[in-house]
Structure formats: C-alpha cells, structure tokens
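Report on the structure given below.
We name chains A, B, ... by the order of the sequence lines, and we start the count at 1 in each one. Side-chain atoms are counted along with the backbone in the values below, which use heavy atoms only and exclude waters and symmetry mates.
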2 protein chains.
Amino acid sequence: MKAPNDIMRRVRDEARRRGVRWTTQRQAIVETFISADEHITVEDLHHRVRAIDRTISAATVYRTVNMLVEMGVATKRHFGSGSATFECEVNKEHHDHLVCTSCGKIIEFHNDAIEDLQVTVAREHGFVISYHRMELYGSCVDCQKQTGAAEA
Amino acid sequence: MKAPNDIMRRVRDEARRRGVRWTTQRQAIVETFISADEHITVEDLHHRVRAIDRTISAATVYRTVNMLVEMGVATKRHFGSGSATFECEVNKEHHDHLVCTSCGKIIEFHNDAIEDLQVTVAREHGFVISYHRMELYGSCVDCQKQTGAAEA
DNA sequence: ATGGATGCAAAGTATTTGCAACCTG
DNA sequence: CAGGTTGCAAATACTTTGCATCCAT
C-alpha cells in the first residue's frame with residue numbers, strides 16, 4: 001500500500017507526461033479520490049470535493065475521473081443500476097467483489113485458489129490473462145434475515 | 001438446453017402464478033428474447049420485436065425485461081458503458097467469458113471448481129450467491145503470435 | 001501568449017413513469 | 001367488469017459537450 005503522496009506524485013507525473021495540465025481542481029479531485037479508498041460515485045466525489053473548493057463543477061469531476069481511468073489509475077464499474085462507481089487501482093491490492101443485490105453493500109475479497117484456477121482455465125484455451133473482473137451477486141447476512149421474515 | 005416452448009411455458013406459468021397478465025406484447029417480447037440466445041440490449045430487442053408487432057413501445061420492452069429479471073428468468077448486465085444488456089438464464093448453461101483484448105474474441109467457459117470456490121468464499125462472508133459475473137481478459141493464441149512479431 | 005481546462009447550461013443517452021385508453025382474466 | 005397493461009410523452013437520472021473565459025506552462 002503506497003502512501004497517498006506517492007500516488008499523487010505518480011498521477012501528476014503521468015499527467016505531465018501526457019501533456020495534461022495540473023490544475024488546482026485536478027489536485028483537489030485526485031487528492032479526494034485517493035483518500036476515499038472505496039468505491040465512489042461521481043456525485044459523492046463531487047460532494048466531498050466541494051468541501052475543498054466550492055466552485056468545482058460536476059462536469060470537471062466527470063472529466064477528471066475519466067482521465068484517471070484513461071491513465072489506468074482508476075477503474076469504472078457498474079454495480080447493478082444507478083451511477084457508475086470509480087475506484088483507485090493504485091493504492092490497493094487486487095481484489096474482487098461481493099455485491100448484495102438487496103442493499104447494495106459491497107465486500108471486497110481475494111482468493112488465490114480462484115485466481116490460480118482462472119489462469120489454468122485460460123491457459124487451457126490458449127489465453128494469457130492480463131486482468132480479470134469477478135463479481136458475485138447475492139444476499140448479505142442482514143438482507144437474508146429481512147427477506148426471510150418479510151416475504152409474503 | 002430446453003426447447004423454447006418449454007421456456008415460454010415456464011415463464012408464462014410463473015407470470016400467472018404472480019397474477020401477471022399474459023398479453024400479446026409480453027408473448028412477443030419474451031418469445032423474441034428467448035430466441036436471441038445472447039446478450040441483448042433493450043434497443044435491440046425492441047427492434048426485433050417490432051418485426052412481430054410494429055406498435056410495441058420501448059417502454060413495454062423495458063417493463064417486460066425488468067419483469068423477467070424480477071422473475072429470475074433474465075439477467076441484466078452492464079458491459080462497460082452504454083446500455084445494459086439482458087440475457088436469458090433459462091435456455092443456456094451458465095458460463096463465464098474469456099475476452100481477448102486484442103481482437104475482441106470471446107470464448108465461453110465453465111469451471112466447476114471455480115464456481116464451488118465462489119460459493120465458499122461468499123459463504124465465508126455470510127453471502128448467499130444468486131449469480132455472478134466473471135470475465136477474464138487477456139491475449140488469445142492468435143494474438144499472442146502477432147504481438148510477438150508486430151509490437152512497435 | 002497559447003491552447004488546454006473550467007463552469008455553466010444545454011444536449012445526449014438510458015430508463016422510468018403519469019395517464020387515459022385498452023384488454024386479460 | 002376491474003384493474004393490470006399499454007403507448008405516448010414527459011420526466012428522471014446520469015453523463016457528455018459547446019462555448020466563452022480562465023489559467024498553467
């Protein structure tokens with residue numbers, strides 16, 4: 001797990017390398033995004049960023065997270081319906097997701113046995129894997145209780 | 001692999017059980033949806049359904065696929081950005097995807113060992129899985145050859 | 001200086017919903 | 001017949017984009 005400052009530097013350098021200007025807005029947005037080590041929507045990120053600079057627009061937040069995805073720093077995901085969520089890929093180990101289809105709760109997990117099998121299966125088909133995406137959808141403990149009691 | 005008629009019957013019966021009326025629109029939409037054994041968007045499905053009944057609206061297609069998801073007959077997915085895609089879960093065996101990031105080739109596969117582990121991992125977190133999504137991205141045999149020779 | 005970046009608002013997509021007419025059970 | 005269902009259009013929700021202004025380099 002790298003320190004936030006290292007990540008900021010990496011992002012800024014990469015931006016510079018691409019001839020992208022480092023504005024105060026981008027500083028604030030990227031900073032906030034990195035600190036929020038969880039899945040975050042543009043709306044949420046925008047909300048938090050406004051604590052730093054009240055004038056930053058949602059459009060700029062959208063433009064910035066898209067830039068981060070473009071740069072490989074962030075990943076965009078659609079969990080179920082609603083807004084897309086963005087996650088910083090630099091300050092975290094690889095992980096997959098468990099998503100509760102009732103309350104939307106997201107749990108991250110990692111399982112080496114599965115990862116190994118993925119590589120094996122891929123190899124059987126002649127593939128060399130560079131990355132993967134795995135999401136398990138279902139009902140979390142809390143929602144199981146509620147459903148069990150409330151079902152008609 | 002069940003025959004389309006069996007699937008239709010199952011869906012119709014389930015609908016009836018839920019007190020849902022079986023209209024000619026639903027017949028046409030579900031029929032078309034089942035025949036299209038692939039991921040399909042509402043727009044695409046609507047387009048195909050209009051071949052049967054020109055007057056069916058997109059709103060009804062949306063309402064119907066949502067009903068199918070609700071009934072557990074279909075699955076809704078977001079591949080990247082754009083429209084959601086729906087897939088019939090009844091007329092196919094479950095499978096996951098291997099996607100070549102160079103040529104876009106998609107190979108379907110199934111691996112029981114992985115599926116078992118997924119259930120196990122989920123259980124460890126108190127989840128009961130209803131479905132999952134797993135996509136392995138990488139390079140297929142053909143593209144591996146080409147990359148080795150053509151890379152700049 | 002210069003052209004990329006921003007804020008705003010308007011435009012675009014994707015999907016849902018209110019409503020009166022309509023049809024299934 | 002009753003009330004669920006439909007088409008239509010308007011409404012939402014989410015995201016992108018045109019443009020004049022602004023600012024990092």
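- OP1 or OP2 of D:dT15 lies within a sub-4.0 Å distance of a side-chain N or O belonging to A:Tyr62.
- Counting only residues at least two apart or in different chains, side chain to side chain donor-acceptor pair (under 3.5 Å) contacts with residues 54-64 of chain A comprise A:Asp53-A:Thr55, A:Ser57-A:Thr60.
- Rounded to whole angstrom, the span from the NE2 atom of B:His46 across to the P atom of D:dT6 amounts to 12 Å.
- Nucleotide C:dC22 holds its P atom 24 Å from the CH2 atom of B:Trp22, rounded to whole Å.
- Using a 4.0 Å cut-off, some side-chain N or O of A:Asn66 falls inside it from OP1 or OP2 of D:dT16.
- Taking every side-chain heavy atom of B:Ser83 into account, C:dT15 is the closest of D:dC8, C:dT15, C:dG25.
- A:Asp13 has its CG atom 12 Å from the P atom of D:dT25, to the nearest Å.
- Between the P atom of D:dT21 and the CD atom of A:Gln25 lies a distance of 18 Å, rounded to the nearest Å.
- With rounding to whole Å, A:Arg12 atom CZ is found 10 Å from D:dT25 atom P.
- Between the side chains of A:His95 and A:Glu87, at least one donor N or O sits under 3.5 Å from an acceptor N or O.
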Dump the intermediate steps for side chain to side chain contact (heavy atoms under 4.5 Å, CB included) on B:Arg26 and B:Val20, then the final yes or no. CA-CA 10 Å; B:Arg26 283 179 176 159; B:Val20 168; 2.9 Å; yes
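- When the local axes at the two ends of the helix from C:dA1-D:dT25 to C:dG25-D:dC1 are compared, using 5 base pairs at each end, they differ in direction by 40° after rounding to 10°.
- Here D:dA24 is the nucleotide among C:dC8, D:dA24, D:dT15 with the atom lying nearest to any side-chain atom of A:Thr24.
- If you check every strand for non-hydrogen atoms under 4.0 Å, A:Ala84 touches sugar and phosphate atoms only.
- Atom CZ in A:Arg54 sits about 12 Å away from atom P in C:dC8, given to the nearest Å.
- For D:dT6, the OP1/OP2 oxygens have a side-chain nitrogen or oxygen of B:Thr23 closer than 4.0 Å.
- Of the charged side-chain nitrogens involved, none lies within less than 4.0 Å of a carboxylate oxygen, so that B:Glu14 and B:Arg10 do not count as a salt-bridged pair.
- B:Arg26 has a side-chain polar atom (N or O) that falls below the 4.0 Å cut-off from OP1 or OP2 of D:dT6.
- In this structure, B:Arg63 and B:Val20 both approach DNA chain C, and ranking their closest nucleotides by distance from the 5' end singles out B:Arg63.
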Would you please test B:Arg9 and B:Asp13 for salt bridge (charged side-chain N to carboxylate O under 4.0 Å, His left out) and show each step? CA-CA 6 Å; B:Arg9 194 176 311 123; B:Asp13 291 350; 5.8 Å; no
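- The minimum heavy-atom distance linking A:Ala36 with A:Arg48 is given by the pair CB-NH1, 3.3 Å.
- Distance, B:Lys76 NZ to C:dA14 P: 13 Å, rounded to whole Å.
- Taking atom CG of A:Asp44 as the reference point, atom P of D:dC14 lies 13 Å away to the nearest angstrom.
- A salt bridge does not link B:Asp96 with B:Arg133: none of the charged nitrogens is closer than 4.0 Å to a carboxylate oxygen.
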